[in-house]
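For reference, the structure discussed in these notes is given below.
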Amino acid sequence: MIVPVVIAGGSGTRLWPLSRTHYPKQFLPLTGEKSLLQQTLLRLKGLQHEPAIIICNEAQRFLTAEQVRLSDIPHFPIILEPEGRNTAPAIALAALKALETDPEATLLVMPADHDIAEVEVFLDVIAKATESAIQGKLITFGIEPTSAHTGYGYIQKGQSLERGFSVKQFVEKPDEVTAKGYVESGQFVWNSGIFMFKAQVYLDMLKRFKHDIFDACFNAMQNQQDDLDFTRVDASAFLACPSDSIDYAIMEPLTAQQDDAVVMIPMAAKWSDVGSFDALWQLLEKDRLQNAVRGDVTAIDTQDSLLMSENKLLATVGVKNLVVVQTKDAVLVADKNNTQAIKQVVAQLEQKSRAEIHQHREVFRPWGKFDAIDEGERFLVKRITVKPGARLSMQMHHHRAEHWVVVSGTAKVTIDNQVQYVAENQSVYIPITAVHSLENSGKTALELIEVQSGSFLDESDIVRFDDEYGRADLQQGNFDDHTE
């Protein structure tokens, strides 16, 4: 039986400011009402499969878990990587997990951040590829190129087979002249990043070519621990693992040795990796002047542009071929033909230690979300939303006091072991060093305004004493995920 493996740990920096390291593109509803991760999972409903294995990094665990829950797809506990090590180690963890319950498991490996418009075609191709995978082949899926794209890797076709083609070589992202030559030759396809093979075959190949990766992942899985909805691997063992992609670690060495184990099967399912704003513009519905518009936008004499506004009126006049993206804390204006260079913007912001590359102004937590709506030298104002039945950790602050004003709902507030209920239009004050918690025991969302005041308002000024989401450990001094 097929075991889907969904790799959900990417950062998607080419789609900044929509995609950020703490809220990357796979969690965004870029091409529909569902996020790319949810679309990836929902494709599986047309496929007979064992519970899916989902892999993400530690920082995105609750966001991943919530989106997976809403997708209602059977799955193993989500495997958490202490730190990203690229696709080869991630797939190794999944293969080892699958073999725990099925020694004949066949893995279908899919990135969580791709768009596939024709799902039925995708499922049909997967069904046809299964037999080759069961026979021990390593299947990669190729996309017929529609342009000389320099943002994709390429696969050179070899001999025609009963199902697909043998593979002559894998080629990393080429320059424009080389890409044009590939497309004109008719011998190259785009590398989709989707793979299929037996779990044991993959591990055998990993031992053959990258024994250090296999050893690190094997050791990491020997001390795995289940924690809520997650499986934590041994951090020290995994952090010793080299970082490498499946292409570099296995596929390229195999084809270089002219090994016939790799098979490329074409997939004409209208695939996109949604890797740039130009790619996103191509996927979205457009008006008569070829503008793709999201949000509150007024476009005058504007053509061939992607215009996206999160919370403000966006107006354009007399422009064409632009990308204009407005979020609550950033605005991007770029030539649509040069959006691959957005990563240079991210690099400069990173050098300046700007928070905007990591998270949005609105931040999601397992209990709800908050929006930092204003700040000054000694104050910070947040709008906080707490989901029904959710509770923030029992905590205290050394350097700040807090005022909470309830906008809607009723808050159950505990301050130094004293419990009180604060209703709409009422407020409560939490002094510095007071041990406190906030709970929504109602059946509708709790909305409140929090005003922090003090000499130090950084989120590291949180000491947790109790947390139902596993974020407090006073004995080990582990205070991760410091926001509320």
Side-chain angles (χ1 to χ4, degrees), residues 22-23 27-29 32-35 37-39 41-42 45 54 56 60-75 77-78 226-230 310-311 328 359-374 380-397 402-430 434-452 459 462 464-472 481-484:
H22 292 172
Y23 205 104
F27 302 110
L28 298 173
E33 295 182 359
K34 302 290 186 181
S35 72
L37 168 60
Q38 290 173 314
Q39 289 181 39
L41 293 169
L42 291 172
K45 289 194 171 182
I54 300 152
C56 73
Q60 297 159 359
R61 63 194 187 279
F62 293 116
L63 184 56
T64 303
E66 178 65 9
Q67 292 206 355
V68 171
R69 182 186 67 81
L70 293 173
S71 301
D72 194 29
I73 294 294
H75 62 90
I78 298 165
D226 287 338
D227 176 14
L228 299 175
D229 296 324
F230 311 106
E310 182 176 352
N311 71 327
K328 289 180 179 179
Q359 62 188 27
H360 291 272
R361 202 182 79 177
E362 187 173 57
V363 177
F364 290 83
R365 289 291 180 256
W367 45 259
K369 63 181 179 179
F370 71 86
D371 186 356
I373 57 180
D374 196 11
L380 174 64
V381 182
K382 292 180 179 179
R383 179 171 181 166
I384 296 176
T385 302
V386 184
K387 295 185 290 188
R391 181 174 71 90
L392 280 66
S393 61
M394 184 71 71
Q395 59 186 252
M396 61 89 74
H397 313 293
E402 296 174 344
H403 289 82
W404 292 342
V405 181
V406 175
V407 176
S408 64
T410 300
K412 180 181 178 181
V413 179
T414 303
I415 304 175
D416 289 333
N417 295 320
Q418 299 296 313
V419 178
Q420 59 182 297
Y421 289 87
V422 184
E424 185 174 326
N425 293 323
Q426 296 180 333
S427 64
V428 65
Y429 171 68
I430 299 97
V435 178
H436 61 280
S437 70
L438 172 66
E439 181 178 350
N440 179 7
S441 54
K443 298 186 181 300
T444 59
L446 168 65
E447 301 273 353
L448 64 147
I449 301 297
E450 175 184 89
V451 181
Q452 302 177 6
E459 290 303 327
I462 295 179
R464 287 195 176 89
F465 300 95
D466 176 59
D467 181 71
E468 63 185 67
Y469 308 109
R471 298 173 298 168
D481 196 15
H482 277 292
T483 305
E484 304 299 344

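Heavy-atom basis, side chains included; hydrogens, waters and symmetry copies ignored.
For the side chain to side chain donor-acceptor pair (under 3.5 Å) condition, the pairs that include at least one residue of residues 438-447, sequence neighbours left out, are R383-E447, T385-E447.
Shortest non-hydrogen contact noted between I78 and C56 is CG2-SG, 3.8 Å. Among all heavy-atom pairs drawn from P388 and A445, the shortest one is CG-N, 3.9 Å. Among all heavy-atom pairs drawn from H360 and V363, the shortest one is O-CG2, 3.4 Å. Heavy atoms only, all atoms of each residue included: L448 and V406 are closest at CB-CA, 4.0 Å. The two residues S427 and V405 have their closest heavy-atom pair at CB-CG2, 3.9 Å. The heavy-atom pair separating K382 from L380 by the smallest distance is CE-CD2, 3.9 Å.
With sequence neighbours excluded, no residue forms a salt bridge (charged side-chain N to carboxylate O under 4.0 Å, His left out) with D72. Applying the side chain to side chain donor-acceptor pair (under 3.5 Å) test to D374 and every residue at least two apart in sequence or in another chain returns nothing. In terms of the side chain to side chain donor-acceptor pair (under 3.5 Å) criterion, K412 has no residue partners (sequence neighbours excluded). Listed by chain and number, the residues in a side-chain contact (heavy atoms from CB on, under 4.5 Å) with N425 amount to none (sequence neighbours excluded). With sequence neighbours excluded, no residue satisfies ring-ring contact (aromatic ring centres under 6.0 Å, His included) with Y421. Remark: K387 pairs with E66, A390 by the side-chain contact (heavy atoms from CB on, under 4.5 Å) rule, at least two apart or across chains. For V451, the side-chain contact (heavy atoms from CB on, under 4.5 Å) partners two or more places apart in sequence, or in a different chain, are V381, H403, I449. Every residue meeting the side chain to side chain donor-acceptor pair (under 3.5 Å) condition with K328, not counting sequence neighbours, appears here in chain and number order: D371. Residues meeting the side-chain contact (heavy atoms from CB on, under 4.5 Å) test with N417, sequence neighbours left out: none. Applying the salt bridge (charged side-chain N to carboxylate O under 4.0 Å, His left out) criterion to K45, with sequence neighbours excluded, gives no partner residue.
Counting heavy atoms from C-beta on, the side chains of P77 and D226 come closer than 4.5 Å. Side-chain contact check for V68 versus L41: some heavy-atom pair is nearer than 4.5 Å. A heavy-atom distance below 4.5 Å is found between the side chains of L37 and F27. At least one side-chain heavy atom of T414 sits under 4.5 Å from a side-chain heavy atom of M394. Side-chain atoms of V386 and L438, non-hydrogen and from C-beta on, do get closer than 4.5 Å to each other. Using a 4.5 Å heavy-atom cutoff, the side chains of V435 and H397 are not in contact.
To the nearest 0.5 angstrom, I73 atom CD1 is 5.5 Å from L42 atom CG. With rounding to the nearest 0.5 Å, the separation of CD1 in I415 from NE2 in H436 is 8.0 Å. Rounded to the nearest 0.5 angstrom, I430 CD1 and Q452 CD are separated by 10.0 Å. Of the inter-residue distances, the one linking S393 atom OG with F465 atom CZ reads 10.0 Å to the nearest 0.5 angstrom. To the nearest 0.5 Å, atom CD of residue E362 and atom CD1 of residue I373 are 11.5 Å apart. The distance from the CD1 atom of I384 to the CG atom of L392 is 6.5 Å, given to the nearest 0.5 Å.
Salt-bridge check for D227 with R61: failed, with every basic side-chain N at 4.0 Å or more from each acidic carboxylate O.
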For the pair Q420 and Q418, evaluate side chain to side chain donor-acceptor pair (under 3.5 Å) and give the outcome as yes or no after the intermediate values. CA-CA 7 Å; Q420 59 182 297; Q418 299 296 313; over 6 Å; no
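Looking at Q38, its side chain does come within 3.5 Å of a backbone N or O of S35 through a donor-acceptor pair.
Ring geometry for F370 versus W367: interplanar angle under 30°, hence parallel rather than tilted (30 to 60°). Aromatic ring orientation, Y23 versus F364: tilted (interplanar angle from 30° to 60°).
Counted by atom type alone, Q426 and E424 present zero donor-acceptor pairs between their side chains at under 3.5 Å.
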